[in-house]
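All remarks here apply to the structure that follows.
Start at 1 with the first residue, then count along the sequence. All figures in this text were calculated on a predicted structure; none of them were measured in a lab.
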Amino acid sequence: MGTSRSINIRRSILFVMGLFPKIPSRIYLDWNATAPLSPAAIQAWTSALDQGWANANSLHAEGKAAARLLEDARERIASLTGVSAGEWIFTSGGTESIHAALYGCLPARGGRRRIVSSQGEHACTRAILDDLEARGFEVVRVGLSATGHWDPDEVLDACDPSCTALATLIWAHNETGAVSDVQSVASRLRERRIPLHLDAVQVPGRMPFDLSALPVSFLSISGHKFGAPKGIGGLFVRRASPWRRWMLGGEQERGRRSGTSNVAGAQAMAAALAEAVAVDLAQLTRRRDTFEAHLEATIPGMFRIGGGPRLPQTSLLRFDGVESAPLLLRLDDRGFAVSSGSACTAGRTDPSPTLLAMGLSAQQAHGALRVSFGCGTPDDALERLAEVLAQEIPALRRG
Ligand code: PLP
């Protein structure tokens, strides 16, 4: 504490004397880890904290006011996603939704023991699948292409209706941005009456999604990825899907989830989703493509990781001979918040399993730099990052 105060005092003296470089204004390019709070979400959040602070399960007037706000948020989310309100369960975020989908579906599947998934799942799904395997379930993990996509035909080949309990797949990848073909897999699994869960945590605000046209049984979202605060998410459970509550305790969410409802979070998520579905995706794509073209033209030995259908606001890059850890530190010093991959694996030294499944070597995987942004990112942010990269990459290569 004392040390950092004296450093700050020294910095201020040097700054006043013109000897310390001005700390640059920050540019946040890590939206796939978490998106900044949207102004509409803040407004809805604070207003609901005021009007709906009570326990939505209480029978008094204060409780009823909170319950009304909760149901209003559910109805708005349902109408934005093309389904009925009763099909959305509020959760604490993506991790809980994925747990609820998987652990809730399996006991309702009449003893079927196979789960089909991919090698590109989020750490949370991977951990659940490992747990289920340890409990005697058979887990089939289909591979990824060099572009980072799972193949619908491979998923279908593994889905034998006599023994498959469910398929769980990531729709849009948090690290690579790869968007796999969920439409064809969803329709074909429905014909076989095999439930499908989609991890759609990276979808709102980055891609259109309409659950009236996508025959999935379960789908997970997380508010903090598209402008709502942390601590609120949603699990879509299509009516008549095989599913049982997996949490014991209270009877919230019509008996499907326990724990006092996050009314303000639900209101904020509804407001953030309304904004997310209106994002100009073509503009995000143009900005990303211009950024990547600029880097390609100015930095030799720069490679884009992945390809094919992908999120419009995610660039996963690597630079020959450069590790992402020192690059991140240098960029952070220069005012840019970017990531080496998913936040859940940042800080760990293991290479990303997704990148290894795509065929990258451990060394190449350690070089991955993820730039993810959104509609609130300043116009010149990517251009400024490209300029700084053009200085830092040669310096790191020399160093
Ligand atoms: N799935 C994906 C694809 C994610 O990117 C994340 C978050 O990084 C999660 C699941 C977990 O979501 P949450 O942070 O809301 O628990």
Side-chain angles (χ1 to χ4, degrees), residues 32 94-95 97-99 101-103 105-106 109 112-134 137-161 163-190 192 194-203 206-207 209 214-222 225 235 305-311 314 316 341-342 344-345 350-360 365 368 370:
N32 290 9
T95 298
S97 297
I98 296 170
H99 277 72
L102 272 58
Y103 289 114
C105 174
L106 291 174
R109 287 291 289 151
R112 290 178 184 83
R113 309 282 297 172
R114 180 182 292 176
I115 302 152
V116 177
S117 189
S118 85
Q119 290 176 14
E121 299 303 306
H122 184 266
C124 149
T125 309
R126 290 203 308 272
I128 298 173
L129 295 177
D130 291 348
D131 172 59
L132 291 169
E133 215 164 26
F137 284 87
E138 179 198 4
V139 178
V140 179
R141 298 170 181 84
V142 304
L144 296 181
S145 65
T147 53
H149 301 87
W150 44 258
D151 177 354
D153 290 330
E154 262 185 70
V155 172
L156 268 292
D157 285 349
C159 282
D160 173 350
C163 61
T164 306
L166 97 147
T168 180
L169 293 162
I170 189 160
W171 183 353
H173 204 278
N174 44 303
E175 287 170 71
T176 60
V179 176
S180 294
D181 178 6
V182 296
Q183 193 69 47
S184 82
V185 110
S187 334
R188 286 145 78 199
L189 283 180
R190 186 180 52 178
R192 294 187 194 180
I194 297 176
L196 169 63
H197 165 251
L198 287 181
D199 174 352
V201 164
Q202 293 291 342
V203 168
R206 294 129 161 98
M207 278 171 52
F209 79 112
L214 182 65
V216 290
S217 301
F218 311 105
L219 179 137
S220 296
I221 61 169
S222 173
K225 302 289 182 180
L235 174 65
I305 302 176
R310 59 191 178 116
L311 292 176
T314 305
L316 190 66
S342 65
C344 306
T345 51
D350 305 344
S352 147
T354 298
L355 299 186
L356 297 183
M358 289 165 64
L360 272 76
R370 183 184 69 188

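Residues Ala178 and His149 approach most closely at CB-NE2, 3.7 Å, considering heavy atoms. Of all heavy-atom pairs spanning Ser117 and Thr168, the tightest one is OG-O, 2.8 Å. In terms of heavy atoms, Ile170 sits closest to Ser180 at O-CB, 4.5 Å. Contact between Met358 and Ala146 at its shortest, heavy atoms only, is CE-O, 3.3 Å. Between Leu214 and Ala186, the shortest heavy-atom contact is CD1-CB, 4.1 Å. Across all their heavy atoms, Arg192 and Cys159 have their closest contact at NH1-O, 2.8 Å.
Residues Val201 and Asn174 fail the side-chain proximity criterion, which asks for heavy atoms closer than 4.5 Å. Residues Gln202 and His173 have side chains not in contact (no heavy-atom distance under 4.5 Å, counting atoms from C-beta outward). Taking 4.5 Å as the limit, some side-chain heavy atom of Pro195 sits within range of a side-chain heavy atom of Arg109. Arg310 has its side chain out of reach of Thr176: every pair of non-hydrogen atoms, C-beta onward, lies at least 4.5 Å apart. Within the 4.5 Å cutoff, no side-chain heavy atoms of Phe218 are placed close to those of Leu102. For the pair Val179/Trp171, a side-chain contact is recorded, criterion being any heavy-atom separation below 4.5 Å from C-beta on. The shortest distance between side-chain heavy atoms of Val182 and Leu169 does not fall below 4.5 Å.
A donor-acceptor pair shorter than 3.5 Å cannot be found between the side chains of His197 and Ser217. Side-chain polar atoms of Thr314 and Asn32 form a donor-acceptor pair below 3.5 angstrom.
Among residue pairs with one or both ends in residues 180-190, those qualifying as salt bridge (Lys or Arg N to Asp or Glu O under 4.0 Å) are Asp153-Arg188; sequence neighbours excluded.
Side-chain atoms of Ser222 never come within 3.5 Å of backbone atoms of Lys225 as a donor-acceptor pair (strictly under, hydrogens ignored). Side chain of Arg126 to backbone of Pro353: no donor-acceptor contact under 3.5 angstrom is found. When atom types are taken as modelled, the side chain of His99 and the backbone of Gly94 share no donor-acceptor pair closer than 3.5 angstrom.
Here the OG1 atom belonging to Thr147 is positioned 12.5 Å from the CD1 atom belonging to Ile305, to the nearest 0.5 angstrom. Note: Arg114 CZ to Thr164 OG1 = 5.0 Å, rounded to the nearest 0.5 Å. To the nearest 0.5 Å, atoms CG (Leu144) and CD (Gln119) are separated by 6.0 Å. Here the straight-line distance linking atom CD1 of Ile115 with atom CZ of Phe137 works out to 5.5 Å at 0.5 Å rounding. The distance from atom CZ of Arg113 to atom CD of Glu138, rounded to the nearest 0.5 Å, is 10.5 Å. With rounding to the nearest 0.5 angstrom, the CG atom of Asp199 is 11.5 Å from the CD1 atom of Ile221.
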- Item | Worked check of side chain to side chain contact (heavy atoms under 4.5 Å, CB included) between Leu198 and Phe209 | CA-CA 12 Å; Leu198 287 181; Phe209 79 112; over 6 Å; no

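Considering Leu196, Leu106, Leu189 in turn, Leu106 is the only one that fulfils the side-chain contact (heavy atoms from CB on, under 4.5 Å) rule with Leu166. Partner Arg141 forms a salt bridge (Lys or Arg N to Asp or Glu O under 4.0 Å) with one of Glu121, Glu133, Glu154 and no other, that one being Glu133.
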